[in-house]
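As structure tokens, the structure follows; a few thoughts come after it.
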Number of protein chains: 2
Amino acid sequence: MGIKERKLKHKEDLKQSILDAAKKLFIKEGYEATSIRKIAAEIEFSPTTIYLYYKDKAAISHALHQEGFKLLASQFTILNYIENPFERLKAMGRVYMQFALENNDFYELMFNREEPLVCVEDHWEEGEQAFSLLVMSVRACQQAGYFTQFDAEAFSMFIWSTMHGLCTLKIKGHLEHVTRNKMILQNVPDVFTHTFETFIATLEKLR
Amino acid sequence: MGIKERKLKHKEDLKQSILDAAKKLFIKEGYEATSIRKIAAEIEFSPTTIYLYYKDKAAISHALHQEGFKLLASQFTILNYIENPFERLKAMGRVYMQFALENNDFYELMFNREEPLVCVEDHWEEGEQAFSLLVMSVRACQQAGYFTQFDAEAFSMFIWSTMHGLCTLKIKGHLEHVTRNKMILQNVPDVFTHTFETFIATLEKLR
DNA sequence: TTGGAAAATTAACAGTGTTAAGTATATTTG
DNA sequence: CAAATATACTTAACACTGTTAATTTTCCAA
């Protein structure tokens, strides 16, 4: 059965190659520019070969989407080294922001596109796992006297909303658009960070 | 010069017809499905005629985007009837949420798409105007003793982030996804509204 | 060596935005 | 009034997109 395994291995390899090529194109040129034909050209196969390994483009989007969550999860690992719960929550926000800024195509795919989610039907494990981490941090904060009058999950949802909104506005350029032309917050060097700090300041008062 | 004016009128009419057709398709079938060819078929002209009235598809997107802001602004008018500043701010949030829910294609175009903004270069008047309304509401709240330790504009940005994030998560189905499968907030009939109320509760504590 | 399965390809369909070139239809001018 | 010109619109085409059916190539086992 050695040969059969090798074939299977090869099949897995090609599937991975496709994903790698897609990832490369995706990071360099964004989602729109990542076409099946370009991926095929990258790995030097015909476009239709892709369909032997992925059902359709949404399946590739979903795979990329999962790569994104892996990356985010790896960035979150440093949070384990932060003892103070509120400091950890703050750090979590900062990591989330940095991830969104540095990988805005991934961020877009993970949270603002519908394509990858049509694959997942109704069991979005990656997202749920990341959310759990937030809820755990919030619970730890509650142990330390923060947000005690709130339900941990509802409060987590509120935090996620704020962070997601802020990152999305930043990525789409709306933060800069509004501040620059309305001659608002001109003295603030970075509206993105400044808004985050305003948010943190409100949270700090809730203990 | 009567004839020349009539011709100009006709030209404006056709431009409006194109926009109306685009709007109709857009509302019924969403952004992706609103193609130049379908718009052309709707008004019974050839696709290339569209280009005599709009530079490209982004220009049509921008026109639709402006229609969206007009609609939102009209929804905001009822706020004038609310005296209490904090009540007005809450109502503003609710109107924003309702607008996002009922016109999610418009919302997408107004805040999550880049196409319409390439037209606007760096003077996004509609967005800036809506933001001013928020800042004014926040200032009124400050007069009433709320958020006094914050900068009105920075605080407004925080509020917008939260509302935008919440609406975006809702529209993309992420709220439901997370709560349903994590067996979280199951007792809450509407997570969207519930998260908003959690947000309002935090704001209420900042006076 | 040959038969058959698996893997990859070619060709095609139906669609997209967009442009250049051509054709009617008015309007202005000689 | 007829010819020249400007305006409005269309046809045909280009270069793409995702996706499928039919076909060819490759490779392993009998």
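By convention in this document, chain letters (A, B, ...) are assigned in the order of the sequence lines, proteins followed by strands, and residues within each chain are numbered from 1.
Between the P atom of dT16(C) and the CD1 atom of I39(B) lies a distance of 10 Å, rounded to the nearest Å. In this structure, the CG atom of D13(A) is 15 Å from the C1' atom of dA7(C), given to the nearest Å. The NZ atom of K15(A) sits 14 Å away from the P atom of dA8(C) (whole-angstrom rounding). Between I18(B) atom CD1 and dA8(D) atom P the separation is 12 Å, expressed in whole Å. Rounded to an integer number of Å, the gap from E32(A) CD to dT16(C) P is 15 Å. We find that CD of E29(A) is positioned 15 Å from C1' of dT17(D), with the value rounded to whole Å. When rounded to the nearest whole Å, the span between CG of L25(B) and C1' of dT16(C) equals 15 Å. Distance, I50(B) CD1 to dT16(C) C1': 14 Å, rounded to whole Å.
Aromatic pair F111(A)/F106(A): centroids not less than 6.0 angstrom apart. A ring-centre distance under 6.0 Å is found for F69(B) and W124(B).
Among the atoms of the strands shown, base atoms are found under 4.0 Å from some heavy atom of S46(B).
Contact annotation: Y53(B) side-chain N/O to dC9(D) OP1/OP2 distance is under 4.0 Å.
Checked against dA8(C), dT16(C), dG18(D), the side chain of I36(A) finds its nearest nucleotide in dG18(D).
None of L133(A), D151(A), V135(A) except one satisfies the side-chain contact (heavy atoms from CB on, under 4.5 Å) rule with S156(A); the exception is V135(A).
Side-chain atoms of T168(B) and Y107(B) include no donor-acceptor pair closer than 3.5 Å.
Both E44(A) and A58(B) lie near DNA chain C, and the one whose nearest nucleotide falls closer to the 5' end is E44(A). Toward the 5' end of DNA chain C, the nearer of the two residues T49(A) and R37(A), judged by each one's closest nucleotide, is T49(A).
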Worksheet item: Base, backbone or nothing for each nucleotide of nucleotides 19-25 of chain C, written B, S, -, heavy atoms under 4.0 angstrom, 5' to 3'?
Response: BB-----

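The pair E126(A)-K70(A) does not count as a salt bridge, with every side-chain nitrogen at least 4.0 angstrom from each carboxylate oxygen. Checked for salt-bridge contact, E197(A) and K90(A) miss the test: no charged N lies under 4.0 Å from a carboxylate O. With respect to E108(A) and K172(A), a salt bridge is recorded, a charged nitrogen being found less than 4.0 Å from a carboxylate O.
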